[in-house]
Amino acid sequence: RRIQKLEQELGTKLFDRTTRKVQLSYSGRNFYERARSIIEAIKTATKTLNEKYNFPSIIKIGAVNSALSNIIYPALKIFREMEPRCKVQIIERSSNYVVDSVLGGECDFGINFTGIQEPGISFENLFVEDYVVVFPKGDVLEKKRKIKLSDIKNRDFISVWKGSGSRIYFENALALQKEDLEWTYEVRHIPSALNMVEQGLGITLAPKLAVSKDHKLLSYRPLIDPTVTRTMGLIKRSGRELSYDAQKLYDLLKEKFKR
């Protein structure tokens with residue numbers, strides 16, 4: 001009776017019936033294949049949503065270089081203990097490309113300092129950090145507690161390229177005071193600028209987060225007059241629900257670093 005009722009609802013016969021045998025009709029075979037696919041999809045979805053499943057998942061994070069040592073790496077040590085089955089793919093990009101990677105779906109979420117006003121992006125503030133003047137240890141600047149722009153005007157300055165988010169931040173701050181800072185060397189990324197400072201080629205401006213404990217040959221002081229800051233945050237596509245594992249890592253980062 002249930003089969004007959006289903007056939008009535010579908011408006012077609014699912015079985016060819018004779019006095020000797022009953023077998024699936026053409027419509028029945030087509031319906032069976034589609035129904036089986038749906039059932040398998042439901043089973044997979046149920047398994048994925050179960051917190052205790054053992055299938056390894058891959059979480060993709062987009063991040064600016066300065067967020068690696070002091071944010072991502074410490075969090076991953078904790079996350080590995082929490083979810084040892086998970087794999088994490090870190091995609092290091094400049095700030096603009098991190099936004100594009102999240103919007104394009106290449107990354108589940110990102111850690112960035114741009115994207116606050118980007119359409120389609122949800123930005124979760126973590127903390128505000130200062131830009132600092134970075135120089136070799138033993139430099140005369142080390143005697144100062146804070147550094148003014150006038151203190152470094154005549155120094156060889158190593159800048160990141162004009163299209164980078166970091167360059168835009170400090171140039172905007174200088175422009176508000178009708179100031180500028182001539183560069184001697186220009187590189188693509190902050191780690192390269194820091195390496196050049198270690199080699200004694202000049203000084204640079206960098207977010208404090210970028211100067212890790214590994215830079216044993218470097219020292220830094222906060223820049224004042226003007227003060228330059230940026231807001232680090234977590235970004236994801238607006239209205240998009242993360243997977244269970246990606247959400248768990250996202251929440252861990254928020255819990256550990258939100259101030």
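The model shown is predicted, which means the values in this text are computed figures rather than measured ones. Numbering starts at 1 and runs along the sequence shown. Reckoned from all heavy atoms, side chains included, excluding hydrogens, waters and symmetry mates.
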Legend entry - SB check K87 D245 (cutoff 4.0 Å): no
Inset, instruction - Might you point out which heavy atoms bring S219 and R221 nearest each other, and give the distance in Å? - result: OG-NH1, 3.3 Å
Legend entry - Salt bridge K153-E179, side-chain N to carboxylate O under 4.0 Å: yes
Inset, instruction - Check salt bridge (charged side-chain N to carboxylate O under 4.0 Å, His left out) between D139 and all other residues, then give those that pass, not counting sequence neighbours. - result: R155
Inset, instruction - Evaluate the side-chain proximity of K60 to E106: yes if any heavy-atom separation is below 4.5 Å, no if none is. - result: no
Legend entry - Test applied, salt bridge (Lys or Arg N to Asp or Glu O under 4.0 Å); reference residue, D108; option that passes from K236, R237, R240: R240
Give the table of side-chain donor-acceptor pairs shorter than 3.5 Å for residues 112-128, with sequence neighbours excluded, one pair per line with atom names and distance.
| unit_1 | atom_1 | unit_2 | atom_2 | d |
| --- | --- | --- | --- | --- |
| N112 | ND2 | S95 | O | 2.8 |
| N112 | ND2 | T114 | O | 3.3 |
| N112 | ND2 | T114 | OG1 | 3.1 |
| E124 | OE2 | K258 | NZ | 3.4 |

Inset, instruction - Measure across F170 and S159 and return the closest heavy-atom pair with its distance rounded to 0.1 Å. - result: CZ-OG, 3.9 Å
Inset, instruction - Please answer: with hydrophobic residues joined when any side-chain heavy atoms are less than 4.5 Å apart, are Y250 and L252 in the same cluster? - result: yes
Legend entry - K143 side chain vs G138 backbone, donor-acceptor pair below 3.5 Å: no
Legend entry - F31 side chain near T12 side chain, heavy-atom distance below 4.5 Å: no
Inset, instruction - Before giving the answer on side chain to side chain contact (heavy atoms under 4.5 Å, CB included), spell out for V140 and F135 the whole-Å C-alpha distance, their side-chain angles and the decisive distance to 0.1 Å. - result: CA-CA 9 Å; V140 294; F135 46 84; over 6 Å; no
Inset, instruction - State whether the number of non-hydrogen atoms from other residues, nucleotides or ligands found under 6.0 Å of E255 atom CD is greater than 12. - result: no
Compile the donor-acceptor pairs under 3.5 Å between side chains in residues 61-73 and protein atoms, sequence neighbours left out, one pair per line.
| unit_1 | atom_1 | unit_2 | atom_2 | d |
| --- | --- | --- | --- | --- |
| S66 | OG | R230 | NH2 | 2.7 |
| N70 | ND2 | L209 | O | 2.7 |

Inset, instruction - Mind checking salt bridge (charged side-chain N to carboxylate O under 4.0 Å, His left out) for K162 and listing every partner two or more places apart, or none if nothing turns up? - result: E171
Inset, instruction - Determine whether more than 12 heavy atoms belonging to other residues, nucleotides or ligands lie under 6.0 Å from atom CZ of F257. - result: yes
Taking only distance into account, with no hydrogens and no angle test, what donor-acceptor pairs under 3.5 Å do side-chain atoms of residues 182-203 form with protein atoms, sequence neighbours excluded?
| unit_1 | atom_1 | unit_2 | atom_2 | d |
| --- | --- | --- | --- | --- |
| T184 | OG1 | F157 | N | 3.4 |
| E186 | OE2 | R167 | NH1 | 2.9 |
| N195 | ND2 | P191 | O | 3.3 |

Legend entry - Residues in salt bridge (charged side-chain N to carboxylate O under 4.0 Å, His left out) contact with K144, at least two apart in sequence or another chain: D151
Legend entry - Test side chain to side chain contact (heavy atoms under 4.5 Å, CB included) applied to K254 and L234, step by step: CA-CA 8 Å; K254 186 167 66 172; L234 295 165; 4.1 Å; yes
Inset, instruction - State, to 0.1 Å, how close K13 and S27 come at their nearest heavy-atom pair, and which atoms those are. - result: O-CB, 3.7 Å
Legend entry - K248 NZ: over 12 foreign heavy atoms closer than 6.0 Å: yes
Inset, instruction - Check whether I90 and L242 end up in the same hydrophobic cluster, where Ile, Leu, Val, Met, Phe, Trp and Tyr are linked by side-chain heavy atoms less than 4.5 Å apart. - result: yes
Inset, instruction - Calculate, to the nearest 0.5 Å, the distance between atoms CD and CZ belonging to E83 and F79 respectively. - result: 5.5 Å
Inset, instruction - State yes or no: do Y131 and L149 share one hydrophobic cluster built from I, L, V, M, F, W and Y residues joined by side-chain heavy-atom distances below 4.5 Å, directly or via other members? - result: yes
Legend entry - Hydrophobic cluster identity match, L24 and V22, side-chain contacts under 4.5 Å: yes
Legend entry - Pairwise side-chain contact, L205 with V132, heavy-atom cut-off 4.5 Å (strictly under): no
Inset, instruction - Measure the spacing between SG of C86 and CG of L76 and express it to the nearest 0.5 Å. - result: 11.0 Å
Inset, instruction - Please check if I152 and Y220 belong to a single hydrophobic cluster, counting links between Ile, Leu, Val, Met, Phe, Trp and Tyr side chain heavy atoms closer than 4.5 Å. - result: no
Inset, instruction - Test N172 against V228 for side chain to side chain contact (heavy atoms under 4.5 Å, CB included), laying out the working first. - result: CA-CA 9 Å; N172 286 346; V228 185; over 6 Å; no
Inset, instruction - Please round to the nearest 0.5 Å and tell me the distance separating atom CD of E129 and atom OG1 of T231. - result: 9.0 Å
